[in-house]
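Each chain gets a letter, A, B and so on, in the order its sequence line appears, and its residues count up from 1. Given the structure is predicted, the values throughout are model-derived calculations rather than measurements.
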2 protein chains.
Amino acid sequence: MGATNTEHYSDKQNQIATLAKALGHPARIAIMEYLLNVETCICGDIVNELPLAQPTVSQHLKELKNAGLIKGEIEGNTICYCINEKAFNILQSYFGNITGKLEMKKSNCC
Amino acid sequence: MGATNTEHYSDKQNQIATLAKALGHPARIAIMEYLLNVETCICGDIVNELPLAQPTVSQHLKELKNAGLIKGEIEGNTICYCINEKAFNILQSYFGNITGKLEMKKSNCC
DNA sequence: ATTTAATATTGCAATATTACGATATATAAA
DNA sequence: TTTATATATCGTAATATTGCAATATTAAAT
């Protein structure tokens with residue numbers, strides 16, 4: 001079938017899965033890291049940073065934007081893409097929570 | 001083409017992408033959360049927790065295991081699946097690092 | 001008004017993912 | 001040894017993803 005049925009899961013579970021899925025490609029990780037390191041966020045040069053053609057990069061950017069990981073604003077001839085802090089705060093607190101719980105369980109198995 | 005070319009990215013980028021991809025499905029998030037909350041880790045009842053058939057759950061477990069997010073050991077008639085703490089430590093430190101950097105940048109754009 | 005530059009969209013081929021029924025495997029119980 | 005139980009694998013259909021060439025769009029520059 002290939003289609004994920006999101007109805008059966010909680011909003012939170014779907015939210016985390018959506019964010020994780022968007023980060024589930026090395027090109028998109030590379031894009032995030034580039035946006036993180038660059039001074040300004042006029043980011044037309046992302047294409048030059050990646051081993052991918054321009055339409056492919058554009059598509060990856062679209063997916064990151066749809067997932068809420070980046071924001072994009074038109075600025076004249078270029079687009080200003082930059083990281084959406086909120087999304088990463090969500091991820092950090094989610095994984096922080098998990099590692100915290102794991103710390104408490106401290107190997108009662110395997 | 002549908003095939004991701006991992007060669008062009010760093011090991012770290014591929015590692016994070018692999019972990020994120022494995023978490024990029026709500027069923028697999030639900031599995032992780034169930035493993036986190038359950039007392040023991042004899043987890044044959046994961047199937048009952050999810051709205052999916054047994055082969056589908058087995059497949060999701062395999063993916064989580066391949067990505068290194070869970071460990072599985074045969075225990076008599078059942079399988080003991082449990083979370084691999086290391087993987088979550090990697091994710092937490094990665095996202096912690098990112099949110100730290102974002103904190104420092106503090107909105108010089110968008 | 002034309003040209004240039006930056007980005008997006010479309011269309012398409014190759015491959016991957018999701019899901020499940022049927023079946024295999026392997027241990028435990030009878 | 002047969003039967004029951006738990007999990008994995010196979011085969012397959014439906015859908016999604018990845019990637020790019022060709023083309024469209026849009027605003028700046030000439």
Side-chain angles (χ1 to χ4, degrees), chain A residues 1-9 13-14 17-31 34-35 38 40-67 70-82, chain B residues 1-9 13-14 17-31 34-35 38 40-67 70-82:
Chain A
M1 317 228 163
T4 299
N5 192 346
T6 59
E7 291 168 31
H8 298 297
Y9 309 100
Q13 287 169 339
N14 282 314
T18 298
L19 292 174
K21 189 177 184 180
L23 293 174
H25 192 293
R28 294 195 288 268
I29 293 289
I31 289 171
Y34 181 71
L35 287 178
V38 110
T40 75
C41 54
I42 291 102
C43 302
D45 34 343
I46 294 176
V47 174
N48 304 321
E49 293 288 316
L50 295 177
L52 295 170
Q54 179 267 322
T56 309
V57 173
S58 186
Q59 195 175 278
H60 282 306
L61 286 165
K62 193 179 179 183
E63 278 175 64
L64 288 170
K65 195 177 174 188
N66 284 343
I70 63 176
K71 293 177 284 186
E73 271 174 31
I74 296 170
E75 274 197 9
N77 209 8
T78 57
I79 295 261
C80 167
Y81 275 120
C82 62
Chain B
M1 315 229 167
T4 299
N5 191 346
T6 58
E7 292 169 31
H8 297 297
Y9 309 100
Q13 287 169 340
N14 283 314
T18 298
L19 292 173
K21 189 177 184 180
L23 292 174
H25 192 292
R28 293 194 289 267
I29 293 289
I31 289 172
Y34 181 71
L35 287 179
V38 111
T40 75
C41 56
I42 292 101
C43 303
D45 35 344
I46 294 176
V47 174
N48 304 320
E49 291 290 313
L50 295 176
L52 295 170
Q54 180 266 323
T56 309
V57 173
S58 186
Q59 196 174 278
H60 281 306
L61 286 165
K62 192 179 179 184
E63 277 176 64
L64 288 169
K65 196 177 174 188
N66 284 342
I70 63 176
K71 293 177 283 185
E73 272 174 31
I74 296 170
E75 274 197 10
N77 209 8
T78 57
I79 296 260
C80 166
Y81 275 120
C82 62

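Spacing between atom CG of B:L64 and atom C1' of C:dT18 amounts to 14 Å, rounded to whole angstrom units. Distance A:L61 CG to C:dA8 P: 7 Å, rounded to the nearest Å. Rounded to an integer number of Å, the gap from CD1 of B:I70 to P of D:dT7 is 12 Å. One can place CD1 of A:I79 at 10 Å from C1' of D:dT26, the figure rounded to the nearest angstrom. Distance NE2 (B:H25) to P (D:dT15): 15 Å, rounded to an integer number of Å. B:L23 has its CG atom 15 Å from the P atom of C:dT17, to the nearest Å. Across the protein-nucleic acid pair, A:L52 atom CG and C:dT7 atom P stand 15 Å apart, rounded to whole Å. Atom CG in A:L50 sits roughly 16 Å away from atom P in C:dA6 (whole-Å rounding).
Regarding contacts with the backbone of C:dA19, a side-chain N or O of B:H60 is found under 4.0 angstrom from either OP1 or OP2. Remark: B:T56 is in phosphate contact with C:dC20, judged by side-chain N or O atoms under 4.0 Å from OP1 or OP2. Note on B:Y81: a side-chain N or O is less than 4.0 Å away from OP1 or OP2 of D:dA8. B:K21 has no side-chain polar atom (N or O) that falls below the 4.0 Å cut-off from OP1 or OP2 of D:dT17.
Proximity of A:L23 to B:L19: side-chain heavy atoms (C-beta onward) are nowhere separated by under 4.5 Å. Side chains of A:H60 and A:L52 form a contact here, defined as non-hydrogen atoms less than 4.5 Å apart. The shortest distance between side-chain heavy atoms of A:Y9 and B:I29 does not fall below 4.5 Å.
Residue order along DNA chain D, read from the 5' end via each residue's closest nucleotide, puts A:A3 first among A:A3 and A:A53. Taking the nucleotide of DNA chain D with the nearest heavy atom to each of B:N5 and A:T4, the more 5' of the two is matched to A:T4. With DNA chain C read from its 5' end, the first of the two nearest nucleotides for A:K62 and B:E63 is the one closest to A:K62.
Of all the heavy atoms in A:A30 and A:L50, the pair that sits closest is CB-CD2, 3.7 Å. When every heavy atom of B:A17 is checked against every heavy atom of A:P26, the shortest pair comes out as CB-N, 3.4 Å.
Residue side chain B:Q54 reaches the base of D:dA8 through a donor-acceptor N/O pair under 3.5 Å, judged by distance alone.
When each of C:dA19, D:dA8, D:dT18 is scored by its nearest atom to the side-chain atoms of A:Q59, the top-ranked nucleotide is D:dT18. Here the side chain of B:P55 is nearest to one of C:dG21, C:dT7, C:dT18, namely C:dG21.
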